[in-house]
Chemist: 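One structure coming up, written as structure tokens, with questions to follow.
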Amino acid sequence: MAFLLVSAYLLLTHAQGAPIENRALLETLKSQVGLFSNKSEHYSAQVRPPGTNRQIPQTIIIGVRKGGTRALLEMLDIHPNIVVAATEVHFFDWDENYVKGIDWYRSLMPFSYGNQITIEKTPGYFTSPQAPKRIHDMNSSIKLLLILRDPTERVISDYTQVYYNRVENHKPVQLFEDIVIKNGALNTKYKAIQRSLYDVHMEKWLKHFSLDQIHIVDGNTLIKDPLPELQKVERFLNLPSQIMSSNFYFNQTKGFYCIRSDGRERCLHESKGRPHPLVNNTVLEQLYSYFREHNAKFYRMVNHSFDWH
């Protein structure tokens, strides 16, 4: 029965997406086969729908951590020609996964039709020394998506995630300033700061990929106005324009955009959009100053500037 339901669902969503008159039927089918979080998440069931295969990703979201990768993936999943891996795979940055081989990697991908692009996202790839070459070895013509935000905001968001994780696990925590400042100077060895040195990491990627293979999504803009950034991604991936403004609504309670698709609404996990700590202005200025030169170098590398401090 489950096989027939999944098959029916996928047949309805084949090609350019289901006609409007089939949306109610789609919702019924999805509820019966358990497709609640997005259209791709449960394709890894053992039953293979007719006419589908697990594909090695044609596109990878390579980062950056706390840059908005989950929001980008969820929003792209609206598109009928895109299927997404449900979890962060960490194939190219974790040696213990990479040694399992490409067939293991493929086995973690959702089933897809020939006209669909498979996308996986692992934010750790961007800062990994091994990932650029390993991805290039797999597919030298692959298209990469990189979502970035203001480096200082990213550092604070990185700290915030770790802070809440430690609180939830009853572990001791430190104030942001106590981690970022050591002996009166900026602690540039702090991993969160290292991750925000976009020029340093981008240099490694450009040794293996041309700039026209890497599309940079402005994470700050995506949060405020998702559609223009997503339309740029559609063009980069040579996909027909299918994502519309009606697919988004602003959630006043959460303070960010949520998704409306296939007659249902969903927001990102409650761990997203957590309030950031108030940071001392002097510390902020030190961070702005430190990143300024790195940002300028990054702008030159990618031939584009961003509205960062």
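We use all heavy atoms of the structure for the numbers below, so side chains are in, but hydrogens, waters and symmetry mates are not. Residue numbers count from 1 along this sequence. Since the model is a prediction, treat every value here as computed from it, not as a measurement.
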Chemist: Which residue pairs satisfy the disulfide bond (SG atoms under 2.5 Å apart) criterion with at least one member in residues 162-231, sequence neighbours excluded?
Modeler: none
Chemist: Between Asn220 and Phe306, is any pair of side-chain heavy atoms under 4.5 Å apart?
Modeler: no
Chemist: Does a salt bridge link Asp103 with Arg106, judged by any charged N lying under 4.0 Å from a carboxylate O?
Modeler: yes
Chemist: Check Arg70 with Glu74, please: is the shortest side-chain N to carboxylate O separation under 4.0 Å?
Modeler: yes
Chemist: Using a distance-only test with no angle check, is there a side-chain donor-acceptor pair under 3.5 angstrom linking Thr127 and Arg195?
Modeler: no
Chemist: Indicate the ring-plane relationship of His208 and His136, choosing parallel, tilted or perpendicular according to the 30° and 60° boundaries.
Modeler: tilted
Chemist: Are His294 and Tyr198 an aromatic pair by the rule of ring centers under 6.0 Å?
Modeler: no
Chemist: Is Val180 isolated, or which residues cluster with it under the ILVMFWY side-chain rule of less than 4.5 Å, directly or via members?
Modeler: Val155, Ile156, Tyr159, Tyr163, Tyr164, Val167, Val173, Phe176, Ile179, Ile181, Leu186, Tyr190, Ile193, Leu197, Val200, Val279, Val283, Leu284, Leu287, Tyr288, Tyr290, Phe291
Chemist: Quick check on the 6.0 Å ring-centre criterion: do Tyr125 and Trp205 meet it?
Modeler: no
Chemist: Could you tell me how the ring of Phe92 sits relative to the ring of Tyr98: parallel (under 30°), tilted (30 to 60°) or perpendicular (over 60°)?
Modeler: tilted
Chemist: So Ile56 and Met138, side chain to side chain contact (heavy atoms under 4.5 Å, CB included) or not? Walk me through it.
Modeler: CA-CA 9 Å; Ile56 289 173; Met138 178 191 72; 3.3 Å; yes
Chemist: I'd like to check the side-chain contact (heavy atoms from CB on, under 4.5 Å) partners of Thr221; sequence neighbours left out, ordered by chain and number.
Modeler: Asp218, Glu229
